[in-house]
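Below: one structure, written as structure tokens.
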Amino acid sequence: MLVEYFPIIVSLFAIVFVYFLIQKINKSPVAKDKAINITKAIQEGATAYLKRQYKTVSVIAFILFVVLWIFMGPVMAFGFLIGAVLSGLSGFIGMWASTQTNTRVAEGAKKGLGHALDLAFKGGLVTGLLVVSLGLLAVSGYYLITKDIKALIALGFGASLISVFARVGGGIFTKAADVGADLVGKVEKGIPEDDPRNPAVIADQVGDMVGDCAGMAADIFETYSVTTVATMILGALLYPSSPQFVLLPLFLGAISILTSIIGSFFVKLGKSKSIMGAMYKGLGISVVLSAIGFYPLILKMMAGQEISVMSLYLSTLVGLVIAVGMFVITEYYTSKKYMPVRSIAQASQTGHGTNIIRGLGLGMQSTAFPVLLIAIGTIICFWLAGIYGVALAVMAMLSISGIVVGVDAYGPITDNAGGIAEMAEMPKEIRDITDPLDAVGNTTKAVTKGYAIASAGLAALVLFAAYSQEVSSLMGSTTGVSFVLDNPKVIAGLLIGGLLPYLFASFLMGAVGKTAGAVVEEVRRQFRDIKGLMEGTAKPEYGKSVDIVTKAAIKEMMIPALIPVVAPILVGWILGVEALGGLLIGSIITGLFVGISMTTGGAAWDNAKKYIEEGHHGGKKSFAHQAAVTGDTVGDPYKDTAGPAINPMIKVLNIVALLIVSFLV
């Protein structure tokens, strides 16, 4: 039927809309003089890194493509290839769009806050809409071509594999450069952030592009695609005679792409000149329009099915409420306006140690409300429509990813714009515009990471449900498989699964620390050996720091990125499907807590430093500021490397389990 092509039509429409957005951005003037060279250095560094990363990952992807072709056939192999290529493409386009926009935001600041905000958000929206439209196009297109729902598991695996490499490699790059630049520049030399005298400052700017833009784009593409696939698989397993349950998630995604486009037109400064208010206005309208649009869609598609229309619809509303709730909770814990961040700033007055203690405690505390929200939402959805209701809630939550990623990608664009203005020594009036944009960007990045982790945890639960149903189906069981605690293999799996997020995060924290140490040594060497560097009469060797973090990120990403691929294969092969089920649950539980505590705690440390820099507790160069810089340095790999990388990690574990389950039963 022609109606089956609706998701594809909407995806193509969104891609065309993005093309016109890019054209509009490109009509804006770029910054001139010194800013041109700085912009080119950032673009060249980011492009060179991604090319090296993708070249390395492509070798692994090719090997897996051949293995899938041999053991599972060409349809599965090509599904894997499509997922991998489009995930990588999402990351590359996200980076490219951001590097094209940052210099235009710096120049556009001359026309005022409203114009600069509009440009920065449009640049982020390019990434957001491309991520969801490519994800929906890949899943719906490949399903309609093959009519093989199992092939979509391989597509999800391809997307997950690239995502975990993008998050891990980009996270190591960006935070090693950032930490190295801060430790010498701010702490030892007492120079401002983004000061052109700092030899690591270009590497720091490049890191924003490859970590926050490319990494986030690949991550959300993967989460969106995998959640859609998992919901479709559940629909096929639970209701084999009703194809509507398979197609419904595709149509929900299509509706929300349209509502995200409409909502984006409302991201405008109001009379209050609140930047965050402008963002929330666009998000709020998208959520409300999605809630309105879902009902007639579900009524039309699902009338007369085993589950009532209202139960299915209410499940989608629960998903939207969880999304909004995550925004509110994460902003409370990470915004300078509220007590948690200010309490870290206050603790900084008594030293580095008390700053760290308060930040760690706050990160742990910040897990409570998100986990309770997810728990309550899961119970309600299960009561309404069983595990399929939970899957629909996650799908609804992720369906608004287009505008959510737009809000997230806005952050590194404004961060880079401020950095370009500082390094190019543009007038103070420009920084007076870019600084508040950047300050809001820190909060939007934190808020969207909270959303991403909550959705990843719920998506992994849906994948586990699909795994459990698939095991039951292969065993010919009608009652399902029980993962009970009197089975020692299940307990062993739970313990191993619970261990994996900690082990994974430890590799990433260690990689950032080691690489940042190398950057510190290089920056110190340049300040020591290059005459006139501190006085501003000599130019730093920016390329040396970029080269250090590029090589280290490529090298250090390999072992942690392969952990979630190898672990389920070994546990499933040695201990069986019960232990593998335990591993999946254990990884979801600890992964959710580790991810939330790291990203929220790290963002709170960052904004506590910025709160002090505004003049509180002695302001810049005070004792409290020195302690806050230490906290921010610890928080950097928490919030931008290890924490966000937990998202794809727990989903790769689940998707690999789904992929290999037929060989284990």
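Keep in mind it's a predicted model, so treat the numbers as computed, not measured.
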Taking side chain as C-beta onward, heavy atoms only, is [X] less than 4.5 Å from [Y]?
X	Y	result
V549	Y49	no
K175	L508	no
L312	Q305	no
L583	L500	yes
I261	F13	yes
V652	I563	no
L238	I387	yes
T515	F173	no

I'd like to check the ring pair (Phe, Tyr, Trp, His ring centres under 6.0 Å) partners of [X]; sequence neighbours left out, ordered by chain and number.
X	answer
F157	F80
Y410	none
F504	none
Y224	none

Task: Heavy atoms from other residues, nucleotides or ligands near CD1 of I574 exceed 12 (cutoff 6.0 Å) - done: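 Counting neighbours around CD1 of I574, more than 12 heavy atoms of other residues, nucleotides or ligands fall under 6.0 Å, so yes.
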Task: Residue among T378, V318, L234, T231 satisfying side chain to side chain contact (heavy atoms under 4.5 Å, CB included) with V390 - done: T378
Considering all heavy atoms of both residues, which atom of [X] and which atom of [Y] are nearest to each other, and what is their separation?
X	Y	answer
F294	S256	CZ-OG, 3.4 Å
I554	Q53	CD1-CA, 3.4 Å
G253	L136	C-CD2, 4.0 Å
A254	F6	CB-CE2, 3.7 Å
M95	T47	CE-OG1, 3.9 Å
A151	M76	CA-SD, 3.4 Å

Open item on the list: As an exercise, state the distance from CG of L129 to CG of L21, rounded to the nearest 0.5 Å.
Closed with: 7.0 Å
Task: Distance, nearest 0.5 Å, that separates CG of L461 from OG of S468 - done: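 L461 CG to S468 OG: 12.0 Å, rounded to 0.5 Å.
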How about [X] and [Y]: does a side-chain donor come under 3.5 Å of a side-chain acceptor?
X	Y	result
S133	S11	no
S290	T259	yes
S455	T223	no

Can you list everything that forms a salt bridge (charged side-chain N to carboxylate O under 4.0 Å, His left out) with [X]? Sequence neighbours excluded, please.
X	answer
K147	E4
K651	E222
K555	none

Pairs satisfying ring-ring contact (aromatic ring centres under 6.0 Å, His included), at least one member in [range], at least two apart:
range	value
residues 449-475	F327-Y451, F464-F483
residues 51-71	F65-W69, F65-F78, W69-F78
residues 639-665	none

Task: Whether T448 side chain and D408 backbone form a donor-acceptor pair below 3.5 Å - done: no
Open item on the list: Suppose the criterion is side chain to side chain donor-acceptor pair (under 3.5 Å): which pairs have a residue in residues 656-665, not counting sequence neighbours?
Closed with: none
TODO: Return each pair, listed once, that meets salt bridge (charged side-chain N to carboxylate O under 4.0 Å, His left out) where at least one residue sits in residues 489-507; pairs must be two or more places apart or across chains.
DONE: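 Residue pairs with at least one partner in residues 489-507: there are none.
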